[in-house]
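Read the structure below first, then the notes.
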Protein chains: 2
Amino acid sequence: MQKYTNWYIFAMLFATNMSKAERTKQFIVEKTAPIFNVKGYAGTSVNDMMAATGLTKGSIYGNFRNKDDVALAAFDHNRKKVDQVVRREMEKEKSAKGKLMVYAKVYGNFYKDAFPEGGCPILNTAIEADDTHAVLREKAADAITGWKNNIAGIIQKGVANNEFSADVDPEQIAISIVALIEGGIMVAKVTGKLNYRTAIMKSVEKMINDLS
Amino acid sequence: MQKYTNWYIFAMLFATNMSKAERTKQFIVEKTAPIFNVKGYAGTSVNDMMAATGLTKGSIYGNFRNKDDVALAAFDHNRKKVDQVVRREMEKEKSAKGKLMVYAKVYGNFYKDAFPEGGCPILNTAIEADDTHAVLREKAADAITGWKNNIAGIIQKGVANNEFSADVDPEQIAISIVALIEGGIMVAKVTGKLNYRTAIMKSVEKMINDLS
DNA sequence: AATAAAATATACCGATTGGTATTATTTCAA
DNA sequence: TTGAAATAATACCAATCGGTATATTTTATT
């Protein structure tokens with residue numbers, strides 16, 4: 001009579017539930033992520049989220065506990081979007097210098113679609129959250145440190161195979177490249193001047209070239 | 001009978017009015033400026049402004065048309081605060097290199113009181129306002145460009161008296177120094193790591209040293 | 001097709017938002 | 001000291017805030 005064990009039924013229900021829930025959750029995140037990146041956390045209202053998704057409060061709050069949860073997921077989503085482009089472009093490069101130059105290219109806006117609306121989510125989140133939202137601030141800080149470690153690792157490999165000179169300080173250069181790029185994004189975005197961006201990216205390239 | 005002409009009475013009343021009004025306006029700006037710099041424009045409420053000043057709405061709205069006006073004045077105030085420290089320190093320096101190094105020193109946090117609570121107001125305002133508040137965005141953009149011009153002018157003088165080599169591009173270096181410093185402030189603030197800040201400021205110094 | 005559950009919509013909540021009109025108080029010249 | 005103007009405090013406004021409880025519709029399983 002009983003075709004399925006209780007365990008199986010439970011598992012299927014659970015799995016179905018999860019996959020559907022995850023689908024709508026993903027939908028909400030995708031639609032709200034650019035808004036959080038443009039208006040910021042404090043500037044984005046639940047009404048904005050409803051307008052962006054076409055869903056009602058009940059639907060949104062059925063999938064997320066509160067605005068915070070959506071904002072956190074939206075940041076992760078925005079970050080992943082940039083990361084994917086960087087990783088994809090970096091795989092094409094063999095040399096350490098080539099890999100480092102990917103950052104200058106991606107953040108120098110040669111790949112416009114790399115960034116979500118509103119610019120670099122790490123930068124935006126760092127500035128808004130550093131004094132007001134501990135969890136978001138730590139997420140932004142982790143992103144910075146991870147990025148720095150990534151660059152430092154590439155530099156170290158370049159030193160190891162004599163592509164770069166031995167007396168460079170990988171950590172110092174790595175965090176400086178991060179700062180220069182992020183500062184460049186801010187400057188270029190707020191002034192809207194393309195030549196500012198290209199000038200700063202030239203400095204990034206010089207910083208990389210000075211390694212060898 | 002009439003000791004004073006109508007014009008004189010009007011002038012005195014006007015002057016008195018202005019000076020008193022300016023005093024309370026100044027008070028409101030001074031007290032709210034750090035809050036705008038920490039919480040941002042969208043994150044700062046009229047209640048916050050009342051709490052910071054100890055004044056009521058009637059008093060605040062009697063001196064400012066709306067929240068916008070206070071925010072604009074607060075930005076100018078915060079900017080001036082940083083500018084004053086920079087200018088004061090720069091007067092002590094004679095050489096072009098010495099003058100440029102002032103930025104590394106001031107923004108490298110050797111003068112902690114130079115910045116209002118919340119960090120660099122130009123950076124904070126640029127990030128929040130670039131997509132949401134045209135007037136504030138332009139103020140931030142003007143600050144960036146003015147700062148860049150200031151640095152470029154110093155470099156040009158350094159080139160003119162052979163302190164720097166003739167083949168440097170003052171504009172390119174100037175905007176890059178701005179970007180590196182602002183990016184450095186963001187990185188240092190969000191991570192809280194002092195060694196990040198010192199590493200980045202070392203790169204600023206290198207950028208300046210490379211001029212000669 | 002029936003049913004249970006999951007997803008979404010509706011309607012509402014108290015609190016807070018930015019802002020205003022009015023009243024009370026302070027300031028200051030005459 | 002007084003009277004008028006300047007300033008600040010009070011009380012109130014509609015709108016919106018983030019969030020919740022309940023009702024309705026969709027979805028999936030047997």
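Bear in mind that the values here come from a model prediction, so they are computed numbers and not experimental data. Because only heavy atoms are used, hydrogens play no part in the values below, and waters and symmetry mates are left out as well, while side chains stay in. Every chain is numbered from 1 and lettered A, B, ... according to where its sequence line falls, protein lines coming before strand lines.
- Counting non-hydrogen atoms of neighbouring residues, nucleotides and ligands closer than 6.0 angstrom, the NZ atom of B/K92 exceeds 12 such neighbours.
- Here D/dA8 is the nucleotide among C/dT20, C/dT10, D/dA8 with the atom lying nearest to any side-chain atom of B/S59.
- The distance between atom CZ of A/F27 and atom P of C/dA7, rounded to the nearest whole Å, is 15 Å.
- Under a 4.0 Å N-O distance rule, the pair A/E91/A/R88 does not qualify as a salt bridge.
- Using a 4.0 Å heavy-atom criterion, one finds that A/L55 contacts the sugar-phosphate atoms exclusively.
- When rounded to the nearest whole Å, the span between NE2 of B/H133 and C1' of C/dG18 equals 13 Å.
- A donor-acceptor contact closer than 3.5 angstrom links the side chains of B/S45 and B/D48.
- When the P atom of C/dT10 is taken as reference, atom CE of A/M50 falls 9 Å away, rounded to whole Å.
- Salt bridge status for A/D169 with B/K202: absent, with no side-chain N to carboxylate O gap under 4.0 Å.
- Taking atom CZ of residue B/F64 and atom P of nucleotide D/dT7, one finds them 13 Å apart after rounding to whole Å.
- Whole-Å rounding puts the B/M49 CE to C/dG18 C1' distance at 10 Å.
- A ring pair (Phe, Tyr, Trp, His ring centres under 6.0 Å) check over residues 120-157 of chain A, counting only residues at least two apart or in different chains, returns the pairs A/Y41-A/H133, A/Y103-A/W147, A/Y107-A/W147.
- B/G58 comes within contact range of at least one nucleobase, with a heavy-atom separation under 4.0 Å.
- Here B/D76 does not pair with B/K80 in a salt bridge; the nearest charged N to carboxylate O distance is not below 4.0 Å.
- Shown for residues 34-47 of chain B: no residue has heavy atoms falling under 4.0 angstrom of DNA chain D.
- Closest approach to the A/N63 side chain among D/dT20, C/dG18, C/dT8 is made by C/dT8 (side chain taken as heavy atoms from C-beta onward).
- Applying the 4.0 Å criterion to OP1 and OP2 of D/dG19, one finds that A/Y61 has a side-chain N or O inside that range.
- The side chain of A/K57 lies closest to D/dG18 when the candidates are D/dA8, C/dA9, D/dG18.
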